[in-house]
Amino acid sequence: MFSKNYGPSTGYGGNRTYSCYSSGDVDSALGFEDFLYTDDTSGTDEDLDLFVLFGNLRGNVVGLRYYTGVVNNNEMVALQREPNNPYDKNAVKVNNVNGDQVGHIKKELAAPLAYIIDNKLARVEGIVPYGAKNAFTMPIQMSFWGKEENKQAVLDRLKMHGFKMAPPLKGSELGFGSNLLSGRAGPSYSAPGHTAVQMTTEQLKSEFDKLFEDLKEDDKTREIQGPEVIGTQLLPHQKQALAWMILRENNKELPPFWEERNNFFYNTLTNFAEKERPENVLGGILADDMGLGKTLTTIALILANFHNGKPLPVEKIRCDQFYKVFGATSVKNEGDLPVKDHNCNLESSTSSGKSETVQAQLSSFYPERTKAKKPKYSERSDSEESEEWLPQETRTSCNFQEDTGFASALAAPSPALKKKAKQKGTSSIQLAKRDDSEEGPRTTLIICPLSVLSNWIDQLEQHISPDVHLNLYVYYGPDRSKDPELLSRQDIVLTTYNILASDYGSRGDSPLHKLKWLRVVLDEGHTIRNPNALQTKAALNLEAQRRWILTGTPIQNSLKDLWSLLSFLKLKPFADREWWHRTIQRPVTMGDQAGLRRLQSLIKNITLRRTKMSKIKGKPVLELPERKVFIQHVVLTEEERQIYQAVKNEGKLAISRYFSEGTVLAHYADVLGVLLRLRQLCCHPHLCTNTSSFSGTGVNNTPEELREKLVNKMKLVLSSGSDEECAVCLDSLTFPVITHCAHVFCKPCICEVIQSEQPNAKCPLCRNELRLEHLVECPLEESDFESVKKSDQEWIPSSKINALMHALIQLRKENPAVKCLIVSQFTTFLSLIETPLRESGFVFTRLDGSMPQKKRVEAIQCFQSSQAGSPTIMLLSLKAGGVGLNLTAASRVFLMDPAWNPAAEDQCFDRCHRLGQKQAVVITKFVVKNSVEENMLSIQNKKRKLAAGAFATKKPTASEVKQTKINEIKTLIDL
DNA sequence: ACCGCCGGGTGCC
DNA sequence: ACCGCCGGGTGCC
């Protein structure tokens with residue numbers, strides 16, 4: 001059903017197909033999208049986690065002499081079906097870790113294997129115990145993995161062909177095969193005879209939690225001064241990050257799990273060896289918490305570690321030299337040298353005896369630098385600087401600049417320049433000269449969610465001093481240039497995931513994919529955690545020398561989330577999912593300690609992670625003011641209560657009917673509808689206008705009526721704030737369509753499902769029949785407008801609005817300058833609130849999902865302004881903006897209605913409780929007494945606990961998921 | 001493959 | 001000899 005194809009057609013993972021991986025299974029695809037739970041723990045992935053080891057079988061690989069792929073003793077190999085082989089349709093290829101064919105499985109064995117693989121009865125993995133030095137054939141140890149229910153079929157099929165699988169040996173459940181081998185196993189595996197140490201789920205969980213915790217190492221605590229052209233002083237932890245990033249970009253070490261052994265490069269996980277040196281990632285994951293300044297740090301990196309054409313020579317030498325001198329040598333000799341001294345600039349260090357060496361060494365690379373006195377900014381700004389002061393040089397030289405106040409003395413960009421930078425298209429923030437004769441990529445591509453696009457532009461103009469000639473191109477909007485030449489002349493190209501994906505998807509005219517970039521930065525990089533999403537594929541297919549992932553949440557729910565990230569980083573051999581899964585994911589999820597250690601060392605190697613709680617030199621990285629959350633109960637008026645009870649009783653009746661019929665989940669949209677109406681009534685009676693859509697779901701509708709009904713349901717689902725995600729891709733809905741069974745999916749996703757299940761496609765959620773022609777699309781939204789108008793006409797207050805207004809007026813009395821966010825999931829509610837705000841003379845602004853980007857930026861800037869007369873209130877729709885949204889001007893938050901997902905609430909609070917917040921933040925949650933809202937709170941609490949403990953634990957089974965949902969519905973409606 | 005298998009050459013010792 | 005035996009050709013799927 002959720003057909004997956006890890007083959008070449010997906011364009012990632014190398015040019016190989018792993019048919020055993022190639023598809024999910026219909027029966028297991030029970031990943032209901034969570035309408036109450038919004039995480040994706042019920043993933044629709046291949047259910048590899050449910051696979052067990054059936055057993056092992058010895059076989060032979062033949063035809064070695066026809067292929068170039070070579071293998072080591074004990075090397076892992078991949079088995080790949082080759083149905084189009086002209087000699088045998090059952091052919092099964094054997095490939096080494098690099099994807100080079102080694103041989104074929106001998107045909108007698110290939111026959112049952114082909115059947116097993118083609119019917120997805122098992123995944124078959126191989127290890128060649130005596131892989132080296134075979135001319136014609138070699139043995140192969142195969143392990144069979146699959147779902148318990150398929151085990152017998154596998155055994156039977158093998159038996160039919162005269163093969164008998166050996167049952168899994170005790171202690172070999174982890175499937176590394178090492179115990180099976182009579183020869184000596186690879187060094188990273190437990191020695192033969194010893195069983196791998198397995199951990200309990202509890203242990204595993206706590207290890208996981210620690211995975212990304214403050215990864216401290218020497219090379220991560222060193223600081224480096226920000227480039228002079230950054231007009232802002234970097235915070236200490238940002239300097240550390242910068243130093244670490246520069247180090248990573250000039251990384252000459254072997255990637256993790258590789259060793260050099262007698263002229264070969266050897267992978268200790270797979271036992272693969274090759275002559276060619278495996279490339280390390282020149283980059284990694286900057287996994288700092290939100291608000292620690294990943295953007296600024298990255299801007300500093302772009303300026304500080306500029307590539308000047310030839311493949312890395314200047315920076316490399318510079319950096320190696322830098323670290324050799326300041327990092328390793330000095331620190332070692334002088335013990336705990338204050339970190340700041342590592343950053344000493346050329347001039348100041350020459351005064352000390354020790355540093356003379358430094359100067360000598362450096363000057364051999366940069367004779368002109370040490371001879372010429374550094375010109376003052378004012379002197380050199382326009383003089384085109386003759387000689388040695390090439391623009392690139394200026395940019396990279398910042399590594400050695402002491403912070404002398406020189407940087408801070410730089411002028412802020414002129415308003416004209418600011419304006420220019422904001423326009424789409426090329427904008428030259430500065431005027432200096434650049435050398436266009438340089439070769440090789442020079443452009444950094446930054447991809448971010450649309451919501452933070454303007455933040456990047458702001459920060460670029462804010463922090464880059466005017467003496468830098470920086471070409472920025474915002475690759476966005478319908479008029480974006482598709483000319484790769486133009487893009488390649490930029491220093492920074494900024495775009496969004498949506499643009500990236502749509503360019504990639506639309507016939508090959510994506511200039512982003514034609515270029516080789518100096519550097520690609522994925523901001524909010526966890527956006528690509530779903531390997532099947534188009535944006536992920538598009539990102540994985542970018543070519544770049546250096547690759548960065550910026551994210552506050554590197555692992556959201558499961559280890560699986562990491563794979564796309566690693567694949568993007570092109571860490572051999574993990575870009576190929578099979579090796580990632582066999583060497584890390586499966587061992588870890590099965591509780592193998594060695595596997596966890598591998599994972600830890602991998603993460604440690606490529607990640608810098610600091611949380612808001614992290615400390616640097618004993619001080620917290622971020623000293624955020626306090627944050628308090630109050631729950632304020634609201635009592636409905638008699639009148640409101642009557643309406644509420646009426647709707648509740650009606651809904652309760654319908655839902656109990658579904659329960660007795662056992663069709664609760666099939667009437668999913670209706671249940672959601674009832675709950676939505678109740679939640680709306682808690683806010684304001686006018687929110688609940690579309691009662692018509694719920695009046696029985698008779699099947700005998702004319703198509704037009706049915707269509708209308710379905711469209712209404714879909715709108716309901718989409719606007720219900722249930723945080724709906726597509727059950728197929730687990731991402732937010734794009735091109736939502738609704739099925740006749742009233743479930744909403746992304747159109748492309750569900751079409752793929754239907755296609756792959758021809759002719760009897762079933763709904764992934766309720767197993768009802770599914771037909772392409774029955775999908776109903778969502779018409780363009782105009783609904784918001786109408787309801788706003790409607791509510792304007794006959795305005796009445798509500799208990800909640802009264803409670804809010806009371807609090808606001810009280811607050812204004814105490815402090816008229818204080819700024820508030822008023823947050824709701826219902827934009828109509830926000831509109832209703834506008835009326836009393838106006839009446840009471842509040843100046844307010846508004847931000848919701850329906851606003852075009854330009855208006856949003858305006859609203860944010862306006863609200864953030866400290867000028868007298870600027871708005872003191874922002875009406876904010878809960879999910880507007882996304883993580884990057886910075887509303888630190890506010891110190892009070894009024895959350896008008898509880899969200900299904902407490903994480904969404906927290907994220908919203910973080911918009912003002914973040915770097916830059918100077919005051920204590922007070923949050924007030926309005927909750928109606930004796931209502932669905934109270935019940936939601938208790939579910940939120942459960943969910944919080946679950947989120948804290950869910951990581952790495954086994955995915956709940958389909959029936960557990962169902963039961964949970966059913967229980968939640970019962971809780972919510974008091975059944 | 002220092003095998004097995006095939007099929008042509010060959011045929012007392 | 002409708003055999004045995006010899007030795008060259010050959011060899012994945």
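Keep in mind that what you see is a predicted model, and the values were worked out from it rather than measured. Computed over heavy atoms, backbone and side chain alike; hydrogens, waters and symmetry mates excluded. Below, chain A is the first sequence line, B the second, and so on; all start at residue 1.
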Checklist entry - In whole angstrom, what separates A/Lys93's NZ from C/dC13's C1'? => result 11 Å
Next on the checklist: Could you walk me through whether A/Tyr115 and A/His161 satisfy the ring-ring contact (aromatic ring centres under 6.0 Å, His included) test, starting with their C-alpha distance in whole Å, then the side-chain angles of each, then the deciding distance to 0.1 Å, before giving a yes or no?
Outcome noted: CA-CA 11 Å; A/Tyr115 179 86; A/His161 290 78; 8.5 Å; no
Item to check | Whole-Å distance separating the CD1 atom of A/Ile140 from the P atom of C/dC13 | outcome: 14 Å
Checklist entry - Are any of A/Lys107's side-chain N or O atoms less than 4.0 Å away from OP1 or OP2 of C/dC12? => result no
Next on the checklist: Can you measure A/Asn85 atom CG to C/dC12 atom C1' for me and round it to whole angstrom units?
Outcome noted: 9 Å
Item to check | Inter-nucleotide C1' distance (B/dC2, C/dC13), Å rounded | outcome: 26 Å
Item to check | Separation of the C1' atoms in C/dC5 and C/dA1, to the nearest angstrom | outcome: 11 Å
Checklist outcome for this item: Atom NE2 of A/His104 and atom P of C/dC12 are separated, to the nearest Å, by 11 Å
Next on the checklist: Taking any heavy-atom pair under 4.0 Å as a contact, classify A/Leu64: base, sugar-phosphate, or nothing.
Outcome noted: nothing
Checklist entry - So, A/Phe136 and B/dA1: ring centres less than 5.5 Å apart, planes less than 30° off, yes or no? => result yes
Item to check | salt bridge (charged side-chain N to carboxylate O under 4.0 Å, His left out) between A/Glu274 and A/Lys572, worked out | outcome: CA-CA 12 Å; A/Glu274 64 181 338; A/Lys572 235 176 161 181; 2.6 Å; yes
Next on the checklist: Rounding to an integer number of Å, can you tell me how far A/Asn95 CG sits from C/dC12 C1'?
Outcome noted: 14 Å
Checklist outcome for this item: For C/dC12, the nucleotide meeting Watson-Crick or G-U wobble distances (both under 3.5 Å) is none
Checklist entry - Of the nucleotides C/dC13, C/dC12, B/dA1, which one has an atom closest to the side chain of A/Tyr66? => result C/dC12
Checklist entry - What's the CD1-C1' distance between A/Ile105 and C/dC12, to the nearest Å? => result 11 Å
Checklist entry - Under 4.0 Å between a Lys/Arg side-chain N and an Asp/Glu carboxylate O for A/Asp88 and A/Lys107? => result no
Item to check | Nearest-angstrom distance from the residue atom CG of A/Asn60 to C1' of C/dG11 | outcome: 15 Å
Item to check | Rounded distance (Å) that lies between atom C1' of C/dC13 and atom CG of A/Leu109 | outcome: 13 Å
Item to check | Stacked cation flag A/Arg123 on A/Phe51, 6.0 angstrom / 45 deg | outcome: no
Checklist entry - Within the structure shown, what part of the strands sits under 4.0 Å from A/Lys106 by heavy-atom distance: base, sugar-phosphate, or nothing? => result sugar-phosphate
Next on the checklist: Using the six-membered base ring of C/dC12, report whether A/Tyr87 stacks on it, requiring centroids under 5.5 Å and planes under 30° apart.
Outcome noted: no
Item to check | Base-pairing assignment for B/dC2 (Watson-Crick or G-U wobble, both under 3.5 Å) | outcome: none
Checklist entry - Which is it for A/Leu562 and A/Leu599 under the side-chain contact (heavy atoms from CB on, under 4.5 Å) test, yes or no, and what are the steps along the way? => result CA-CA 10 Å; A/Leu562 261 185; A/Leu599 175 61; 4.1 Å; yes
